[in-house]
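Input: a single structure, listed below in C-alpha coordinates.
All figures in this text were calculated on a predicted structure; none of them were measured in a lab. First listed ligand is number 1; within each ligand, the first listed atom is number 1.
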Amino acid sequence: MWRSLLPLGYSRSSGGYRRFAWSKADLACRAWFTAQAADRGLTVRTDRNGNQWAWWGEQLPGKALAIGSHLDSVPDGGAFDGPLGVISSFAAVDVLREQGWAPARPIAIANFADEEGARFGVACAGSRLLTGQLDPERARALTDADGVRLGDAMEAAGHDPDALGPDDALLDRIGQYVELHIEQGRGLVELERAVGVATSIWPHGRWRFDFGGEANHAGTTRLEDRRDPMLSYAFTVLAARKKAAAHGALATFGRIHVEPNGTNAIPSKVSAWLDGRAPSEAALASLLAELEQAARERAERDGASLSVVNESLTPIVEFDHALRDRLAKTLEDAPVLPTGAGHDAGILAARIPTAMLFVRNPSGVSHSPAEQAELADCEVGVHALAAAVRELAGGGL
Ligand SMILES: [Zn+2]
(Lines give C-alpha, C1' and ligand atoms only; values in the text may rest on other atoms or scores of the structure.)
Protein backbone atom coordinates (compact mmCIF):
# COMPACT_ATOMS: atom_id res chain seq x y z
CA MET A 1 0.00 0.00 0.00
CA TRP A 2 2.81 2.44 0.85
CA ARG A 3 4.47 1.78 -2.50
CA SER A 4 1.38 2.86 -4.42
CA LEU A 5 0.48 5.81 -2.15
CA LEU A 6 3.90 7.41 -1.57
CA PRO A 7 4.36 8.90 -5.09
CA LEU A 8 1.02 10.77 -4.94
CA GLY A 9 1.45 14.48 -4.25
CA TYR A 10 5.16 14.04 -3.50
CA SER A 11 7.28 17.16 -3.96
CA ARG A 12 10.81 16.43 -5.17
CA SER A 13 12.02 19.89 -4.17
CA SER A 14 10.95 19.65 -0.52
CA GLY A 15 10.80 15.89 0.02
CA GLY A 16 7.33 16.42 1.52
CA TYR A 17 3.71 16.07 0.44
CA ARG A 18 1.32 18.59 -1.09
CA ARG A 19 -2.03 16.85 -1.00
CA PHE A 20 -4.38 19.79 -0.63
CA ALA A 21 -8.12 19.20 -0.47
CA TRP A 22 -9.71 18.70 -3.89
CA SER A 23 -6.39 19.24 -5.71
CA LYS A 24 -5.12 16.83 -8.36
CA ALA A 25 -2.96 15.08 -5.74
CA ASP A 26 -5.90 14.74 -3.35
CA LEU A 27 -8.10 13.32 -6.10
CA ALA A 28 -5.36 10.77 -6.84
CA CYS A 29 -5.34 9.80 -3.15
CA ARG A 30 -9.12 9.45 -3.20
CA ALA A 31 -8.88 7.20 -6.27
CA TRP A 32 -6.22 5.18 -4.42
CA PHE A 33 -8.66 4.77 -1.50
CA THR A 34 -11.39 3.54 -3.85
CA ALA A 35 -9.00 1.06 -5.47
CA GLN A 36 -7.83 -0.32 -2.11
CA ALA A 37 -11.44 -0.81 -1.05
CA ALA A 38 -12.32 -2.47 -4.36
CA ASP A 39 -9.36 -4.86 -3.98
CA ARG A 40 -10.93 -6.03 -0.73
CA GLY A 41 -14.51 -6.16 -1.96
CA LEU A 42 -15.52 -3.21 0.25
CA THR A 43 -18.31 -0.91 -0.92
CA VAL A 44 -17.19 2.73 -1.25
CA ARG A 45 -19.68 5.51 -0.64
CA THR A 46 -18.94 9.22 -0.67
CA ASP A 47 -21.13 11.15 1.74
CA ARG A 48 -22.65 14.54 0.96
CA ASN A 49 -19.61 16.33 2.40
CA GLY A 50 -17.03 14.50 0.33
CA ASN A 51 -15.88 12.04 3.01
CA GLN A 52 -15.21 8.55 1.65
CA TRP A 53 -16.44 5.41 3.45
CA ALA A 54 -15.42 1.84 2.58
CA TRP A 55 -17.92 -0.56 4.08
CA TRP A 56 -17.30 -4.13 5.25
CA GLY A 57 -20.59 -5.91 6.01
CA GLU A 58 -22.72 -2.85 5.34
CA GLN A 59 -25.91 -4.97 5.55
CA LEU A 60 -25.10 -6.40 8.99
CA PRO A 61 -27.41 -5.38 11.84
CA GLY A 62 -26.42 -2.80 14.41
CA LYS A 63 -24.43 0.39 14.29
CA ALA A 64 -21.13 0.45 12.47
CA LEU A 65 -17.68 0.68 13.96
CA ALA A 66 -15.82 3.31 11.94
CA ILE A 67 -12.03 3.40 11.67
CA GLY A 68 -9.75 5.40 9.36
CA SER A 69 -8.24 8.89 9.13
CA HIS A 70 -7.43 11.29 6.27
CA LEU A 71 -5.18 11.41 3.19
CA ASP A 72 -4.75 15.18 2.62
CA SER A 73 -1.65 16.98 3.91
CA VAL A 74 -0.27 20.31 5.09
CA PRO A 75 2.17 22.07 2.72
CA ASP A 76 5.23 19.81 2.52
CA GLY A 77 3.83 17.47 5.14
CA GLY A 78 5.17 14.07 6.11
CA ALA A 79 4.10 10.70 4.79
CA PHE A 80 2.40 9.40 7.96
CA ASP A 81 0.03 12.09 9.27
CA GLY A 82 -3.30 10.74 8.06
CA PRO A 83 -2.22 8.00 5.65
CA LEU A 84 -0.90 5.80 8.49
CA GLY A 85 -4.45 5.58 9.87
CA VAL A 86 -6.01 4.78 6.50
CA ILE A 87 -3.40 2.20 5.53
CA SER A 88 -3.52 0.61 9.00
CA SER A 89 -7.30 0.32 8.67
CA PHE A 90 -7.10 -1.59 5.39
CA ALA A 91 -4.23 -3.68 6.82
CA ALA A 92 -6.28 -4.44 9.95
CA VAL A 93 -9.09 -5.75 7.74
CA ASP A 94 -6.53 -7.98 6.00
CA VAL A 95 -5.21 -9.26 9.34
CA LEU A 96 -8.70 -10.04 10.62
CA ARG A 97 -9.64 -11.85 7.44
CA GLU A 98 -6.43 -13.89 7.58
CA GLN A 99 -7.46 -14.85 11.09
CA GLY A 100 -10.79 -16.03 9.65
CA TRP A 101 -12.62 -13.36 11.62
CA ALA A 102 -15.79 -11.68 10.40
CA PRO A 103 -17.62 -8.76 12.02
CA ALA A 104 -20.99 -9.02 13.73
CA ARG A 105 -21.77 -5.42 12.85
CA PRO A 106 -20.72 -3.19 9.95
CA ILE A 107 -17.19 -1.82 9.75
CA ALA A 108 -16.55 1.41 7.83
CA ILE A 109 -13.12 2.74 6.87
CA ALA A 110 -13.22 6.53 6.52
CA ASN A 111 -11.11 8.94 4.52
CA PHE A 112 -12.18 12.33 5.83
CA ALA A 113 -12.09 15.21 3.35
CA ASP A 114 -9.95 18.28 3.98
CA GLU A 115 -8.69 17.41 7.47
CA GLU A 116 -5.70 19.74 7.44
CA GLY A 117 -7.50 22.82 6.14
CA ALA A 118 -4.28 23.67 4.28
CA ARG A 119 -6.03 25.03 1.21
CA PHE A 120 -9.24 26.66 2.46
CA GLY A 121 -8.25 27.53 6.03
CA VAL A 122 -10.73 25.46 8.06
CA ALA A 123 -9.34 22.26 9.57
CA CYS A 124 -11.48 19.10 9.64
CA ALA A 125 -13.91 20.64 7.14
CA GLY A 126 -15.34 17.24 6.11
CA SER A 127 -16.14 16.08 9.64
CA ARG A 128 -17.27 19.55 10.76
CA LEU A 129 -19.79 19.67 7.89
CA LEU A 130 -20.93 16.12 8.63
CA THR A 131 -21.65 16.94 12.28
CA GLY A 132 -23.12 20.39 11.67
CA GLN A 133 -20.11 22.27 13.12
CA LEU A 134 -19.40 24.18 9.89
CA ASP A 135 -22.06 26.16 8.11
CA PRO A 136 -22.39 24.85 4.52
CA GLU A 137 -22.91 28.37 3.18
CA ARG A 138 -19.66 29.50 4.77
CA ALA A 139 -17.85 26.34 3.61
CA ARG A 140 -18.86 26.83 -0.03
CA ALA A 141 -17.55 30.40 0.05
CA LEU A 142 -14.13 29.60 1.57
CA THR A 143 -11.40 30.51 -0.91
CA ASP A 144 -7.84 29.27 -1.43
CA ALA A 145 -4.77 31.45 -2.09
CA ASP A 146 -5.72 31.68 -5.80
CA GLY A 147 -9.24 32.83 -5.03
CA VAL A 148 -10.82 29.47 -5.92
CA ARG A 149 -13.94 28.78 -3.87
CA LEU A 150 -14.26 25.47 -2.00
CA GLY A 151 -17.64 24.95 -3.63
CA ASP A 152 -16.15 25.35 -7.10
CA ALA A 153 -13.18 23.08 -6.30
CA MET A 154 -15.58 20.36 -5.15
CA GLU A 155 -17.78 20.82 -8.19
CA ALA A 156 -14.76 20.55 -10.50
CA ALA A 157 -14.01 17.25 -8.78
CA GLY A 158 -17.49 16.02 -9.65
CA HIS A 159 -19.05 16.67 -6.26
CA ASP A 160 -22.26 18.64 -5.73
CA PRO A 161 -21.48 21.54 -3.35
CA ASP A 162 -25.19 22.17 -2.79
CA ALA A 163 -25.34 18.83 -0.96
CA LEU A 164 -22.97 20.03 1.80
CA GLY A 165 -24.39 19.98 5.31
CA PRO A 166 -25.09 17.90 8.42
CA ASP A 167 -25.81 14.24 7.77
CA ASP A 168 -27.69 12.78 10.72
CA ALA A 169 -28.77 9.71 8.75
CA LEU A 170 -25.13 8.72 8.29
CA LEU A 171 -24.12 9.59 11.86
CA ASP A 172 -27.01 7.48 13.17
CA ARG A 173 -25.49 4.46 11.46
CA ILE A 174 -22.15 4.82 13.25
CA GLY A 175 -21.75 3.57 16.82
CA GLN A 176 -18.10 4.44 17.44
CA TYR A 177 -15.07 5.86 15.65
CA VAL A 178 -11.50 4.80 16.36
CA GLU A 179 -8.73 6.75 14.58
CA LEU A 180 -5.16 5.52 14.48
CA HIS A 181 -2.63 8.31 13.96
CA ILE A 182 1.09 8.93 14.12
CA GLU A 183 1.93 10.63 17.42
CA GLN A 184 2.83 14.29 16.88
CA GLY A 185 5.15 14.52 19.82
CA ARG A 186 7.53 12.36 21.83
CA GLY A 187 5.19 11.05 24.54
CA LEU A 188 5.47 7.41 23.48
CA VAL A 189 9.24 7.71 22.95
CA GLU A 190 9.59 8.72 26.58
CA LEU A 191 7.27 5.92 27.70
CA GLU A 192 9.17 3.45 25.49
CA ARG A 193 5.92 2.12 24.01
CA ALA A 194 4.97 1.61 20.35
CA VAL A 195 1.25 2.38 20.73
CA GLY A 196 -0.82 4.50 23.11
CA VAL A 197 -4.42 5.61 23.59
CA ALA A 198 -5.44 9.30 23.55
CA THR A 199 -7.09 10.97 26.55
CA SER A 200 -7.94 14.43 25.23
CA ILE A 201 -7.25 17.06 22.60
CA TRP A 202 -6.33 20.55 23.76
CA PRO A 203 -8.71 23.34 22.76
CA HIS A 204 -7.33 25.11 19.70
CA GLY A 205 -8.17 27.70 17.10
CA ARG A 206 -7.01 29.87 14.21
CA TRP A 207 -7.09 33.65 14.08
CA ARG A 208 -6.29 35.98 11.21
CA PHE A 209 -4.52 39.20 12.13
CA ASP A 210 -4.81 41.86 9.41
CA PHE A 211 -2.37 44.72 9.91
CA GLY A 212 -3.02 47.66 7.57
CA GLY A 213 -0.55 50.43 6.75
CA GLU A 214 0.57 52.51 3.80
CA ALA A 215 2.62 51.28 0.85
CA ASN A 216 5.51 53.57 0.07
CA HIS A 217 9.03 53.71 -1.34
CA ALA A 218 11.64 51.92 0.81
CA GLY A 219 14.31 54.37 -0.35
CA THR A 220 12.59 57.73 -0.09
CA THR A 221 10.19 57.45 2.85
CA ARG A 222 11.69 58.77 6.09
CA LEU A 223 11.35 56.38 9.06
CA GLU A 224 9.16 58.85 10.94
CA ASP A 225 6.80 59.16 7.97
CA ARG A 226 6.10 55.46 7.64
CA ARG A 227 3.00 53.49 8.53
CA ASP A 228 4.62 50.06 8.41
CA PRO A 229 2.35 47.11 9.37
CA MET A 230 5.31 44.71 9.19
CA LEU A 231 6.65 46.19 12.42
CA SER A 232 3.36 45.57 14.20
CA TYR A 233 3.30 42.03 12.86
CA ALA A 234 6.90 41.34 13.92
CA PHE A 235 6.18 42.59 17.43
CA THR A 236 3.07 40.39 17.58
CA VAL A 237 5.01 37.24 16.65
CA LEU A 238 7.40 37.80 19.55
CA ALA A 239 4.55 38.69 21.91
CA ALA A 240 2.73 35.48 20.97
CA ARG A 241 5.74 33.41 21.92
CA LYS A 242 6.12 35.20 25.26
CA LYS A 243 2.45 34.93 26.18
CA ALA A 244 2.25 31.27 25.14
CA ALA A 245 5.11 30.46 27.50
CA ALA A 246 3.39 32.37 30.29
CA HIS A 247 0.16 30.37 29.83
CA GLY A 248 1.78 26.95 29.33
CA ALA A 249 0.21 27.14 25.87
CA LEU A 250 1.31 27.13 22.23
CA ALA A 251 1.03 30.01 19.77
CA THR A 252 2.41 29.96 16.24
CA PHE A 253 2.41 32.32 13.30
CA GLY A 254 3.22 30.01 10.39
CA ARG A 255 1.64 31.76 7.46
CA ILE A 256 1.62 35.37 6.25
CA HIS A 257 0.49 37.25 3.21
CA VAL A 258 2.15 40.58 2.42
CA GLU A 259 0.98 43.28 0.04
CA PRO A 260 2.44 44.47 -2.27
CA ASN A 261 5.20 41.99 -1.32
CA GLY A 262 8.00 43.99 -2.92
CA THR A 263 11.58 44.08 -1.66
CA ASN A 264 11.79 47.86 -2.04
CA ALA A 265 8.28 48.66 -0.80
CA ILE A 266 6.92 49.30 2.67
CA PRO A 267 3.97 46.92 2.92
CA SER A 268 0.41 48.22 2.81
CA LYS A 269 -0.96 45.10 4.44
CA VAL A 270 0.26 42.08 6.38
CA SER A 271 -2.20 39.26 6.99
CA ALA A 272 -0.94 36.65 9.43
CA TRP A 273 -2.55 33.49 10.72
CA LEU A 274 -2.14 32.50 14.35
CA ASP A 275 -2.54 28.91 15.50
CA GLY A 276 -3.27 28.86 19.24
CA ARG A 277 -3.60 25.86 21.59
CA ALA A 278 -3.75 25.57 25.37
CA PRO A 279 -4.48 23.01 28.09
CA SER A 280 -7.77 24.75 28.95
CA GLU A 281 -10.30 26.92 27.18
CA ALA A 282 -9.80 29.68 29.76
CA ALA A 283 -6.04 29.74 29.14
CA LEU A 284 -6.57 29.94 25.38
CA ALA A 285 -9.08 32.78 25.75
CA SER A 286 -6.79 34.88 27.96
CA LEU A 287 -3.81 34.21 25.71
CA LEU A 288 -5.77 35.60 22.76
CA ALA A 289 -7.17 38.57 24.66
CA GLU A 290 -3.73 39.59 25.91
CA LEU A 291 -2.11 39.10 22.53
CA GLU A 292 -4.74 41.10 20.70
CA GLN A 293 -4.37 43.96 23.16
CA ALA A 294 -0.58 43.97 22.83
CA ALA A 295 -0.82 43.85 19.02
CA ARG A 296 -3.33 46.73 19.03
CA GLU A 297 -1.12 48.92 21.20
CA ARG A 298 1.86 48.26 18.96
CA ALA A 299 -0.17 48.89 15.76
CA GLU A 300 -1.21 52.24 17.18
CA ARG A 301 2.43 53.20 17.69
CA ASP A 302 3.19 52.16 14.10
CA GLY A 303 0.26 54.12 12.66
CA ALA A 304 -1.17 50.80 11.49
CA SER A 305 -4.66 49.36 11.79
CA LEU A 306 -5.53 45.93 13.14
CA SER A 307 -8.48 43.63 12.76
CA VAL A 308 -8.57 40.13 14.26
CA VAL A 309 -10.91 37.46 12.92
CA ASN A 310 -11.41 34.07 14.56
CA GLU A 311 -11.52 31.57 11.68
CA SER A 312 -12.05 28.43 13.74
CA LEU A 313 -12.24 27.41 17.38
CA THR A 314 -12.43 23.87 18.68
CA PRO A 315 -13.26 23.31 22.35
CA ILE A 316 -11.39 20.79 24.51
CA VAL A 317 -12.21 17.21 23.56
CA GLU A 318 -12.27 14.51 26.20
CA PHE A 319 -12.38 11.19 24.40
CA ASP A 320 -15.05 8.77 25.58
CA HIS A 321 -13.71 7.40 28.88
CA ALA A 322 -15.37 3.98 28.67
CA LEU A 323 -14.12 3.43 25.12
CA ARG A 324 -10.65 4.69 26.01
CA ASP A 325 -10.37 2.40 29.04
CA ARG A 326 -11.71 -0.58 27.09
CA LEU A 327 -9.14 -0.04 24.35
CA ALA A 328 -6.25 0.48 26.77
CA LYS A 329 -7.18 -2.80 28.47
CA THR A 330 -7.56 -4.66 25.16
CA LEU A 331 -4.11 -3.43 24.17
CA GLU A 332 -2.42 -4.88 27.25
CA ASP A 333 -2.56 -1.72 29.33
CA ALA A 334 -1.43 0.65 26.63
CA PRO A 335 -0.39 4.05 28.03
CA VAL A 336 -2.83 6.97 27.78
CA LEU A 337 -1.70 10.47 26.77
CA PRO A 338 -3.12 13.84 25.63
CA THR A 339 -2.33 15.70 22.41
CA GLY A 340 -2.24 19.29 21.19
CA ALA A 341 -3.22 18.29 17.65
CA GLY A 342 -6.77 18.40 16.28
CA HIS A 343 -8.29 15.38 14.53
CA ASP A 344 -11.54 14.30 12.92
CA ALA A 345 -12.00 12.00 15.93
CA GLY A 346 -12.15 15.14 18.07
CA ILE A 347 -14.85 16.65 15.87
CA LEU A 348 -16.93 13.45 15.78
CA ALA A 349 -16.61 13.14 19.57
CA ALA A 350 -19.38 15.73 19.86
CA ARG A 351 -21.80 13.18 18.36
CA ILE A 352 -20.48 9.66 18.88
CA PRO A 353 -18.03 7.92 21.22
CA THR A 354 -14.57 8.22 19.67
CA ALA A 355 -11.07 7.11 20.56
CA MET A 356 -7.59 7.43 19.12
CA LEU A 357 -4.57 5.19 18.97
CA PHE A 358 -1.16 6.82 18.56
CA VAL A 359 1.87 5.17 16.99
CA ARG A 360 5.34 6.17 18.21
CA ASN A 361 7.16 8.86 16.23
CA PRO A 362 10.91 8.65 17.06
CA SER A 363 11.64 12.28 16.12
CA GLY A 364 8.40 13.66 17.48
CA VAL A 365 8.36 15.85 14.35
CA SER A 366 5.14 16.18 12.36
CA HIS A 367 3.81 18.38 9.54
CA SER A 368 7.30 18.06 8.03
CA PRO A 369 9.11 15.57 5.79
CA ALA A 370 11.08 14.55 8.90
CA GLU A 371 7.96 12.85 10.32
CA GLN A 372 8.86 9.18 10.85
CA ALA A 373 7.62 5.87 12.16
CA GLU A 374 9.47 2.55 12.34
CA LEU A 375 7.98 -0.27 10.29
CA ALA A 376 7.92 -2.50 13.38
CA ASP A 377 5.88 0.14 15.28
CA CYS A 378 3.48 0.51 12.34
CA GLU A 379 2.92 -3.25 12.47
CA VAL A 380 2.22 -3.08 16.20
CA GLY A 381 -0.27 -0.32 15.33
CA VAL A 382 -2.03 -2.47 12.73
CA HIS A 383 -2.37 -5.35 15.17
CA ALA A 384 -3.59 -2.99 17.90
CA LEU A 385 -6.24 -1.62 15.54
CA ALA A 386 -7.22 -5.16 14.51
CA ALA A 387 -7.54 -6.11 18.19
CA ALA A 388 -9.67 -3.01 18.79
CA VAL A 389 -11.98 -3.93 15.89
CA ARG A 390 -12.24 -7.52 17.17
CA GLU A 391 -13.10 -6.27 20.65
CA LEU A 392 -15.64 -3.65 19.53
CA ALA A 393 -17.32 -5.24 16.51
CA GLY A 394 -18.01 -8.67 17.97
CA GLY A 395 -18.28 -11.52 15.55
CA GLY A 396 -16.19 -14.63 15.49
CA LEU A 397 -14.82 -17.36 13.32
ZN1 LIG B 1 -3.70 14.04 10.81
Side-chain angles (χ1 to χ4, degrees), residues 1-2 5-6 8-9 16-23 25-26 29-30 32-33 50-52 66-90 109-131 133 177-188 195-198 200-202 204-206 250 252 254 275 277 312 314 317 319 337-349 354-361 363-373 377-378 381-382 385:
M1 280 189 272
W2 282 117
L5 184 62
L6 284 175
L8 308 181
Y17 287 89
R18 297 174 183 174
R19 296 166 174 162
F20 308 133
W22 305 107
S23 67
D26 186 40
C29 290
R30 294 169 65 85
W32 176 91
F33 181 90
N51 308 305
Q52 292 179 298
I67 55 179
S69 193
H70 63 94
L71 292 175
D72 69 319
S73 79
V74 295
D76 297 325
F80 296 89
D81 178 353
L84 182 63
V86 177
I87 284 183
S88 298
S89 296
F90 283 122
I109 299 177
N111 169 28
F112 283 101
D114 200 359
E115 194 273 347
E116 298 288 6
R119 182 172 175 192
F120 296 102
V122 176
C124 300
S127 56
R128 281 183 204 274
L129 282 161
L130 167 65
T131 53
Q133 297 174 58
Y177 175 56
V178 177
E179 179 169 0
L180 178 145
H181 204 278
I182 182 132
E183 197 199 351
Q184 296 166 295
R186 291 173 45 85
L188 288 169
V195 171
V197 179
S200 63
I201 299 178
W202 280 14
H204 56 278
R206 295 177 179 193
L250 299 166
T252 308
D275 177 303
R277 300 161 198 249
S312 71
T314 309
V317 173
F319 288 112
L337 63 175
T339 176
H343 299 282
D344 294 305
I347 302 298
L348 290 181
T354 64
M356 289 193 77
L357 302 179
F358 290 132
V359 172
R360 175 164 50 190
N361 177 351
S363 67
V365 173
S366 187
H367 286 186
S368 144
E371 186 180 87
Q372 240 331 315
D377 287 353
C378 293
V382 168
L385 186 59

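In this structure, the side chain to side chain contact (heavy atoms under 4.5 Å, CB included) partners of Leu5, at least two apart in sequence or on a different chain, are Leu8, Arg19, Cys29, Trp32, Leu71, Pro83, Ile87. Every residue meeting the side chain to side chain contact (heavy atoms under 4.5 Å, CB included) condition with Val317, not counting sequence neighbours, appears here in chain and number order: Ile201, Phe319, Ala349. His204 meets the side-chain hydrogen bond (donor to acceptor under 3.5 Å, both in side chains) test with no other residue; sequence neighbours excluded.
Within the 4.5 Å cutoff, side-chain heavy atoms of Arg18 are placed close to those of Asp76.
Note on the Zn ion (ligand 1): protein N, O or S atoms under 2.8 Å away count 3, no waters included.
Ring pair Phe33/Phe90: centre-to-centre distance below 6.0 Å.
Ring geometry, Tyr177 versus Phe112: the interplanar angle exceeds 60°, so the pair is classed perpendicular (tilted spans 30 to 60°).
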